[in-house]
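Heads up: the structure comes next, in structure tokens.
Quick note: numbers below take in every heavy atom, side chains included, and nothing from hydrogens, waters or symmetry partners. The sequence lines fix the lettering, A, B, ..., with proteins before strands; numbering per chain opens at 1.
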Amino acid sequence: MQIYDPQCIDEKWQEKWEGFGIYKAIDGDKRPKFYSLVMFPYPSGDLHMGHMRVYTISDVISRIKRMQGFNVLNPMGWDAFGLPAENAAIKRKLHPGAWTEQNIKFMRDSQLKKLGTSYDWDREVTTSTSDYYRWTQWIFLQFYKAGLAYRKSAPVNWCPDCATVLANEQVENGACWRHLETPVVQKQMDQWFLKITAYTEPLLNDLDKLTGWPERVKVMQRNWIGKSEGAILNFTVENKPNVRISVFTTRPDTVFGVSYLVLAPENPLVKELTTPENQAKVKEYVEQAGHKTELERMATEKSKTGIPTGSHVVNPFNGDIVPVWVSDYVLMGYGTGAVMGVPAHDERDFAFAQTFSLPITQVISAKDATESHLKAAYVDDGIMINSGIFTGLKNTDAVPKMIKWAQENGSGEGKTNYRLRDWLISRQRYWGAPIPLIHCEACGIVPVPDDQLPVELPIEGITFTGEGGSPLGKTESWLNVSCPQCKKPARRETDTMDTFIDSSWYYLRYADAKDNKEAFAKELVNYWMPVDQYVGGIEHAILHLLYSRFFTKALRDLKLVDCDEPFSNLLSQGMVTMYSPVSGRIEKMSKSRGNVVGTTDFFKRYGADAARLFTLFAAPPEQELEWSEEGAVGQFRFLSRIWRLVQGLIERGEINPAAESVDPAKLDAKGKSLLQLTHRTIKAVTEDLSQERFSFNTAIARCMELVNGLYAYVGEGSSNKDEIKLGDDEKNLVSFAVRNLLLCMAPMAPHISEELWHQIGAAGGNDDSIHVHPWPKFIDALTISDEIELVLQVNGKIVNKVSVTRGIAKEKIEELALADDKVKAKLNGSVVRKIIVVPNKLVNVVI
RNA sequence: ACCCUCGUAGCUCAGCGGACACAGAGCUCCUGCCUUCUAAGCAGAGGUGCGUUGGUUCGAAUCCAACCGAGGGUGCCA
């Protein structure tokens with residue numbers, strides 16, 4: 001008997017599959033389309049087993065759908081612009097393009113292909129090559145022309161380590177998302193933005209359409225967009241009738257409880273309103289606040305600081321005169337940079353008022369409309385008190401009335417605010433798509449004409465030092481051009497685009513990857529889009545997924561695509577963890593933590609199928625997965641077990657390759673039960689692998705049970721196994737079971753399934769493949785036996801089980817139960833109060 | 001502080017629109033067989049009352065409530 005040698009089988013089939021061309025997606029095919037997408041990798045150079053999880057999951061999905069008769073698009077590409085390439089260039093004196101290219105070659109040929117993935121490599125895209133970024137630039141210009149791209153001077157987040165600015169989405173806890181130890185600093189700079197805020201409402205509302213997305217991702221996006229409805233209220237400054245402070249509040253109903261106003265330190269009104277005697281102190285406070293990083297501001301969350309300006313304002317509702325303070329708990333970037341302080345009904349205001357002994361006026365009471373001594377802010381709904389003409393109303397009813405009153409009296413209006421900001425896309429780095437604009441002294445900003453695209457990155461004469469700003473700004477030959485409009489000398493824009501722009505449209509390019517006339521043909525994009533199943537990490541819950549949704553909507557409005565949501569179904573796979581000798585804990589698999597398992601070694605020893613199976617089996621896809629060598633070897637053993645089973649059958653001549661169906665009438669009880677097990681397995685695996693479940697781990701467990709059942713049936717355990725000879729009907733049955741086992745395993749363990757499929761003679765020829773064979777069908781009637789185990793209970797406790805024929809009458813069951821010896825013993829003559837019968841399942845005798 | 005997920009055999013996971021599960025799969029452990037030895041393999045055995053408490057029910061791992069524990073996310077957004 002040949003032993004299971006995955007290395008040789010893997011290689012053989014990977015080569016053959018390339019020749020077969022069975023993984024090619026066919027544009028406009030008659031079969032229903034299925035677009036299966038996995039988040040494309042950054043070509044960092046080396047994938048480990050932890051990375052492989054996402055590709056395995058997505059590949060299995062693609063393979064199932066292919067077998068189920070879909071025209072599957074399963075593409076792969078490279079998110080190849082970005083800082084690591086540039087940093088590597090600085091370190092190794094190698095051009096980022098060359099470094100990237102060699103990484104891609106290794107990751108494609110020695111890693112992803114060796115995993116046995118079924119990508120259509122004809123559609124491979126690399127975002128850093130000019131045939132791709134040409135269209136990134138073109139799309140940018142369409143946005144620019146539509147008013148969705150603009151330049152403004154703004155306070156921006158600067159990461160000193162990246163030596164570039166970052167978008168809001170790329171700042172985590174006040175630090176750079178790539179350098180969690182590096183606080184970002186605020187700088188005032190001229191920068192390019194994309195107007196994602198033009199799509200705030202659709203981005204928010206259409207989340208409801210995304211029924212195939214995990215709830216937590218949608219919640220995160222909702223929070224990020226941060227819609228809040230309320231009002232702008234205007235407070236006139238005392239003795240300065242021309243100056244007013246506008247505040248945004250979600251609680252206009254609490255305005256009668258205002259005891260002070262607070263300005264953000266950056267608010268220009270601070271200067272104007274600070275009275276001479278407070279000048280020095282306020283200036284000092286504002287300066288201190290300005291020096292604090294975002295991180296430091298947050299660290300002082302608990303204790304409130306602040307300082308009075310000396311000015312006062314008039315409450316438009318009740319005429320109260322209240323002081324104006326400055327405090328860094330108010331942010332300039334949100335609302336109006338000023339808030340009204342209502343200590344009785346806001347926790348932060350309560351803390352502030354306590355710190356500085358400011359009055360606390362209750363204006364909403366729980367239920368009895370009386371004032372109580374508040375020990376904490378009362379933030380719930382209730383009845384209005386101390387609120388002039390609004391007293392006595394329910395606060396929720398008062399809100400619209402009060403907004404109306406403010407409007408009529410010129411002291412405010414209803415207003416909806418969002419947290420979402422426009423997307424800052426300028427990067428002061430080399431390795432990205434150049435922003436295709438030209439600065440001309442005479443004409444201003446001029447787009448590069450379409451026929452001059454791409455604006456290629458200069459390669460000659462560039463040196464990477466990592467210092468002194470972007471290399472583009474120092475390359476005169478590239479920088480100096482003539483203005484496309486007036487032909488006078490002009491200069492190129494030196495900023496490149498955020499790499500998240502590259503990944504915001506790559507899924508559209510796959511539909512028409514080699515097009516050199518346009519970014520993508522509308523017809524092809526409309527055929528393939530939207531993506532039917534997207535698989536990727538939760539870390540992109542906001543970033544990439546929000547940007548892509550924005551791009552799709554904007555491109556739809558530019559009439560370039562028809563769909564308005566790019567990804568119908570989303571699966572966020574959990575991370576892969578392992579014991580780290582560095583920290584002594586179980587942590588995410590990563591190089592820096594010293595807990596990586598390489599792919600090459602593993603594939604050589606146990607094969608790609610064992611790697612795939614373990615990854616799928618060890619945990620449900622959304623959950624964390626702890627990598628274990630033993631567990632992975634266990635899958636190798638399982639595969640060996642299948643191998644030996646089939647080899648044994650072949651050697652003894654017990655395989656009938658044509659066994660596509662089995663007549664149950666010709667089988668004995670043991671045979672029938674194996675047939676049922678086979679149909680049950682097909683059914684269970686089909687359901688487990690369906691898009692609603694993606695329960696790969698249980699599908700594998702089902703296959704294991706079938707293998708156990710097969711072994712039990714062919715009696716391999718007995719010592720004289722070589723002598724066992726099955727009759728024709730039994731051979732037929734066993735062959736049928738094996739065929740279906742292989743079909744069920746094929747998406748998950750593609751190599752061994754293909755090899756054995758050919759060995760048992762089920763393939764239609766040498767160039768046929770199990771992976772294009774239709775998915776097996778089960779016969780529901782054959783998943784269940786005629787005999788059922790009827791459970792006999794007394795007071796809900798199981799006392800016995802008896803075998804009866806399916807569909808037996810209720811009365812018969814009751815009779816049977818009362819006649820049973822064990823039931824009788826339990827009843828012991830007691831009076832039967834009632835009998836509950838669940839047909840074909842159980843009977844419960846209540847006493 | 002809020003939100004989410006999870007808590008079933010030594011371990012990792014199934015089972016949760018009530019009952020074909022007196023709980024299933026793999027790994028680990030143990031015994032025997034096979035083998036010159038080791039590894040691999042084969043056969044067999046063992047093990048858990050389902051985080052805690054209470055409730056609903058004829059019946060709960062499965063539904064409800066509270067609590068405890070673990071992990072993750074968000075966060076001065078007015």
Side-chain angles (χ1 to χ4, degrees), chain A residues 3-4 172-173 214-217 219-220 223-224 226-228 230 247-251 254 262 264 297-298 300-302 304 327-331 333-342 345-349 351-352 417-420 538 541-542 574-575 586 613-614 617-620 622-638 640-641 644 680 688 695 697-705 707-708 711 716-719 721 783-785 787-791 793-801 806 833-836 838-847:
Chain A
I3 61 148
Y4 173 49
E172 289 177 17
N173 290 325
E215 200 50 43
R216 58 175 179 150
V217 173
V219 167
M220 283 164 82
N223 290 342
W224 185 259
K227 178 175 184 169
S228 51
V247 300
F248 174 72
T249 177
T250 56
R251 295 294 304 274
T254 63
V262 195
R297 270 207 193 187
M298 281 187 225
T300 60
E301 194 177 319
K302 300 283 173 300
K304 296 272 181 279
S327 173
D328 64 4
Y329 84 88
V330 178
L331 308 171
Y334 186 79
T336 59
V339 303
M340 60 186 209
V342 186
H345 304 291
D346 183 282
E347 284 168 31
R348 293 154 306 183
D349 298 346
F352 192 83
N417 250 332
Y418 302 91
R419 212 175 82 118
L420 183 69
I538 187 76
I542 293 169
M575 63 181 180
I586 292 166
L613 280 192
F614 176 69
F617 181 70
E622 294 91 350
Q623 224 158 293
E624 222 170 72
L625 182 156
E626 190 186 337
W627 183 270
S628 109
E629 180 82 12
E630 294 81 35
V633 174
Q635 294 305 316
F636 174 76
R637 271 204 284 269
F638 169 55
S640 306
R641 216 161 125 74
R644 282 194 313 275
R680 267 210 307 278
D688 283 348
S695 179
N697 50 338
T698 54
I700 294 168
R702 297 298 192 162
C703 292
M704 287 170 171
E705 288 178 63
V707 172
N708 290 346
Y711 266 110
E716 222 230 13
S718 62
S719 51
K721 55 190 170 191
T783 60
I784 48 177
S785 58
E787 296 276 300
I788 53 137
E789 286 266 274
L790 184 72
V791 175
Q793 294 186 341
V794 173
N795 284 347
K797 296 268 177 276
I798 296 169
V799 295
N800 204 3
K801 280 180 177 177
R806 182 175 292 279
R833 283 173 44 209
K834 64 173 160 179
I835 301 178
I836 292 148
V838 181
N840 292 329
K841 279 175 184 162
L842 66 70
V843 50
N844 184 14
V845 182
V846 185
I847 53 175

Quiz item: Contact class for A:Glu624 vs. all strands (heavy atom < 4.0 Å): base, sugar-phosphate, or nothing?
Solution: sugar-phosphate
Exercise. For A:Asn844 and for A:Gly634, locate the closest nucleotide of RNA chain B by heavy-atom distance; then report the residue assigned to the nucleotide nearer the 5' terminus.
Key: A:Gly634
Quiz prompt | Non-hydrogen atoms of A:Ala541 and A:Met220 that approach each other most closely | solution = CB-CE, 3.7 Å
Practice problem: Examine the base of B:rC13 for any acceptor or donor lying under 3.5 Å from a partner atom in the side chain of A:Asn697, and report the outcome as yes or no. | Solution: no
Self-check item: Same-atom distance (C1') from B:rG49 to B:rA60, integer angstrom
Solution: 12 Å
Quiz item: Base, sugar-phosphate alone, or nothing: which one does A:Gly226 contact when heavy atoms must sit under 4.0 Å apart?
Solution: nothing
Quiz item: Can you tell me how far C1' in B:rU48 sits from the matching atom in B:rA9, rounded to whole Å?
Solution: 4 Å
Quiz item: Base, sugar-phosphate, or nothing: which does A:Arg702 touch, judged by heavy atoms less than 4.0 Å apart?
Solution: nothing
Quiz prompt | Whichever of A:Phe636 and A:Pro620 has its nearest RNA chain B nucleotide further upstream toward 5' | solution = A:Pro620
Practice problem: In whole angstrom, give the distance that lies between atom CG of A:Asp688 and atom C1' of B:rG24. | Solution: 13 Å
Quiz item: Do the non-hydrogen side-chain atoms of A:Ile700 and A:Phe614 ever get within less than 4.5 Å of each other?
Solution: no
Quiz item: When we call it a touch if two heavy atoms are under 4.0 Å apart, what does A:Glu347 touch: a base, just sugar-phosphate, or nothing?
Solution: nothing
Quiz item: Which one, B:rU12, B:rA78, B:rG71, comes nearest to the side chain of A:Glu626?
Solution: B:rU12
Exercise. Classify the ring geometry between A:Tyr334 and A:Phe248 as parallel (under 30°), tilted (30 to 60°) or perpendicular (over 60°).
Key: perpendicular
Quiz item: Around atom CZ of A:Arg702, are there more than 12 heavy atoms of other residues, nucleotides or ligands at under 6.0 Å?
Solution: no
Quiz item: Between A:Tyr711 and A:Arg641, is there a donor-acceptor pair closer than 3.5 Å when you use the side chain of the first and the backbone of the second?
Solution: yes
Exercise. Go ahead and name the base partner of B:rC42; Watson-Crick or wobble counts if both distances stay under 3.5 Å, otherwise write none.
Key: B:rG32
Practice problem: Output the single nucleotide from B:rG26, B:rC42, B:rG71 whose closest atom is nearest the side chain of A:Arg644. | Solution: B:rC42
Practice problem: Using both distances under 3.5 Å as the test, list the Watson-Crick or G-U wobble partner of B:rC11, or none. | Solution: B:rG26
Practice problem: Would you mind telling me which of B:rA78, B:rC76, B:rA25 lies closest to the side-chain atoms of A:Asp328? | Solution: B:rC76
Quiz prompt | Nearest-Å distance once atom P is located in both B:rG51 and B:rC33 | solution = 41 Å
Quiz item: Quick one: A:Phe617 CZ to B:rG24 C1', roughly how many Å, whole number?
Solution: 10 Å
Practice problem: State whether A:Tyr334 places a side-chain N or O below 4.0 Å from either non-bridging phosphate oxygen (OP1 or OP2) of B:rA78. | Solution: yes
Quiz item: Out of B:rA78, B:rG75, B:rA43, which has the shortest distance to the side chain of A:Thr250?
Solution: B:rA78
Practice problem: Starting from P on B:rG26, measure out to CG on A:Leu625 and report it in whole angstrom. | Solution: 18 Å
Quiz item: Contact class for A:Asn708 vs. all strands (heavy atom < 4.0 Å): base, sugar-phosphate, or nothing?
Solution: sugar-phosphate
Quiz prompt | From B:rC76, B:rG75, B:rA25, nucleotide with atom closest to A:Arg419 side chain | solution = B:rG75
Self-check item: Among B:rG26, B:rA14, B:rC76, the one nearest A:Thr698 by side-chain distance
Solution: B:rA14
Quiz item: Looking at A:Ser228, does any N or O in its side chain come under 4.0 Å of the phosphate oxygens OP1/OP2 on B:rA78?
Solution: yes
Quiz item: Nearest-Å distance, CD (A:Gln623) to P (B:rU12)?
Solution: 11 Å
Self-check item: Nearest non-hydrogen partners of A:Asp349 and A:Met340, listed with the distance
Solution: OD2-O, 3.5 Å
Quiz item: What nucleotide among B:rU28, B:rC58, B:rA25 has an atom nearest to a side-chain atom of A:Arg637?
Solution: B:rU28
Exercise. Both distances under 3.5 Å, Watson-Crick or G-U wobble: report the partner of B:rA66, or none.
Key: B:rU52
Self-check item: Which nucleotide in B:rC58, B:rU28, B:rU12 has an atom nearest any side-chain atom of A:Ala618
Solution: B:rU12
